[in-house]
**Student:** 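Before we start, here is the structure in question, set down as structure tokens.
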Amino acid sequence: MRTYTLTRDITINARPADVYVHLDDLRRWQAWSPWARLDPKAKMTYSEPPTGAGAFMDWEGNRRMGAGRMTVLERDPGRELRYRLEFRRPMRDRAEANFELKAAGDGTRVYWTMSGEHNPAGRIFWVLFAQRMVGRQFEQGLENLKQVAES
């Protein structure tokens with residue numbers, strides 16, 4: 001197995017606490033997530049409560065969005081949110097991801113990282129296609145988050 005890590009970052013003109021509220025409540029992801037736009041009719045199911053360690057969001061969407069579950073593993077309000085992704089469709093896979101927020105002058109530097117392991121076939125797919133695609137989705141998501149948090 002080979003490991004991978006993908007990170008993108010952005011500076012948002014808002015305090016860390018004001019950015020964090022858009023990450024902590026999983027229902028708020030619909031306003032900025034790059035995947036929400038892949039299928040506006042996707043079925044989303046949220047745990048109660050939709051915040052805190054153990055909170056989850058299940059999604060069931062079209063071919064482009066797929067299906068899976070996101071579960072919050074750990075949170076440090078205003079600083080970090082770690083979560084696990086379990087993809088069921090279009091292919092089964094698992095990954096861990098996190099947002100790290102750091103004060104940067106009057107704003108916040110937000111780092112979005114995903115990591116996991118690949119078997120040899122998965123590594124080829126990642127290198128040839130998915131790494132570039134997921135990187136662009138992270139960049140779009142961070143731009144969307146910036147717009148939401150700064151408004």
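Hydrogens, waters and symmetry mates are skipped; everything else that's a heavy atom, side chains included, is used.
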**Student:** Within the structure provided, determine whether Met114 and Phe138 are in side-chain contact (heavy-atom separation under 4.5 Å).
**Tutor:** yes
**Student:** CE of Met44 to CH2 of Trp29: how many Å apart, nearest 0.5 Å?
**Tutor:** 10.0 Å
**Student:** Which is it for Asn144 and His22 under the side chain to side chain contact (heavy atoms under 4.5 Å, CB included) test, yes or no, and what are the steps along the way?
**Tutor:** CA-CA 11 Å; Asn144 297 346; His22 299 285; over 6 Å; no
**Student:** Where do Pro34 and Gly141 come nearest, in terms of heavy atoms and distance?
**Tutor:** CD-CA, 3.6 Å
**Student:** In this structure, would Tyr111 and Tyr83 fall into the same cluster of hydrophobic residues linked by side-chain contacts under 4.5 Å?
**Tutor:** no
**Student:** Starting at CG of Asp25, measure out to CD of Gln30 and round the result to the nearest 0.5 Å.
**Tutor:** 11.0 Å
**Student:** Drop me the distance from Glu150's CD to Leu145's CG, to the nearest 0.5 angstrom.
**Tutor:** 9.5 Å
**Student:** About how many Å separate CG of Asp9 and CD of Glu139, when rounded to the nearest 0.5 Å?
**Tutor:** 9.5 Å
**Student:** With sequence neighbours left out, write down each residue that passes ring pair (Phe, Tyr, Trp, His ring centres under 6.0 Å) with Tyr20, or none if nothing qualifies.
**Tutor:** none
**Student:** What's the shortest heavy-atom distance between Val19 and Ala149, and which atoms?
**Tutor:** CG2-CB, 4.2 Å
**Student:** If the condition is salt bridge (charged side-chain N to carboxylate O under 4.0 Å, His left out), which residues does Glu143 pass it with, not counting sequence neighbours?
**Tutor:** none
**Student:** Partners of Arg75 by salt bridge (charged side-chain N to carboxylate O under 4.0 Å, His left out), sequence neighbours excluded?
**Tutor:** Asp24
**Student:** Is it true that a side-chain atom of Glu60 and a backbone atom of Lys43 form a donor plus acceptor pair closer than 3.5 Å?
**Tutor:** no
**Student:** For Val21, which residues count as a side-chain contact (heavy atoms from CB on, under 4.5 Å) partner, sequence neighbours excluded?
**Tutor:** Arg28
**Student:** Which atoms form the tightest heavy-atom contact between Thr108 and Ala14, and what is the distance?
**Tutor:** OG1-O, 2.6 Å
**Student:** Does some side-chain heavy atom of Arg27 sit less than 4.5 Å from a side-chain heavy atom of Thr51?
**Tutor:** no
**Student:** Which residues pass the side-chain contact (heavy atoms from CB on, under 4.5 Å) test with Arg94, not counting sequence neighbours?
**Tutor:** Arg84, Glu86
**Student:** Among all residues two or more places apart in sequence or in another chain, which pass the side-chain contact (heavy atoms from CB on, under 4.5 Å) test with Ser151?
**Tutor:** none
**Student:** Let me confirm one number: the CG-CZ distance from Leu38 to Arg64, rounded to the nearest 0.5 Å.
**Tutor:** 4.5 Å
**Student:** Please check if the side chain of Arg8 supplies one atom and the backbone of Val134 the other of a donor-acceptor pair under 3.5 Å.
**Tutor:** no
**Student:** Just wondering, more than 12 heavy atoms not from Arg88 lying within 6.0 Å of its CZ?
**Tutor:** yes
**Student:** In residues 96-106, what donor-acceptor pairs under 3.5 Å come from side-chain atoms, sequence neighbours left out?
**Tutor:**
{"unit_1": "Asn98", "atom_1": "ND2", "unit_2": "Glu80", "atom_2": "OE2", "d": "3.2"}

**Student:** Mind listing the closest non-hydrogen atom pair of Pro90 and Gly66 along with its distance?
**Tutor:** CD-CA, 4.2 Å
**Student:** Of all residues at least two apart in sequence or in a different chain, which pass the salt bridge (charged side-chain N to carboxylate O under 4.0 Å, His left out) check with Asp39?
**Tutor:** none
**Student:** If you look only at pairs with a residue in residues 12-22, which of them pass as a salt bridge (Lys or Arg N to Asp or Glu O under 4.0 Å), with sequence neighbours excluded?
**Tutor:** Arg15-Asp18
**Student:** Does any donor atom in the side chain of Thr113 or Thr7 lie under 3.5 Å from an acceptor atom in the other side chain?
**Tutor:** yes
**Student:** Who are the side-chain contact (heavy atoms from CB on, under 4.5 Å) partners of Thr11, not counting sequence neighbours?
**Tutor:** Arg109
**Student:** Can you give me the closest heavy-atom contact between Asp93 and Glu117, atom names plus distance?
**Tutor:** OD1-O, 4.4 Å
**Student:** List the atom of Arg69, the atom of Phe56, and the distance in Å for their closest heavy-atom pair.
**Tutor:** NH2-CE1, 3.2 Å
**Student:** Could you work out, with ring pair (Phe, Tyr, Trp, His ring centres under 6.0 Å) as the rule, every residue matching Trp35, not counting sequence neighbours?
**Tutor:** Trp112
**Student:** Mind checking salt bridge (charged side-chain N to carboxylate O under 4.0 Å, His left out) for Arg37 and listing every partner two or more places apart, or none if nothing turns up?
**Tutor:** none
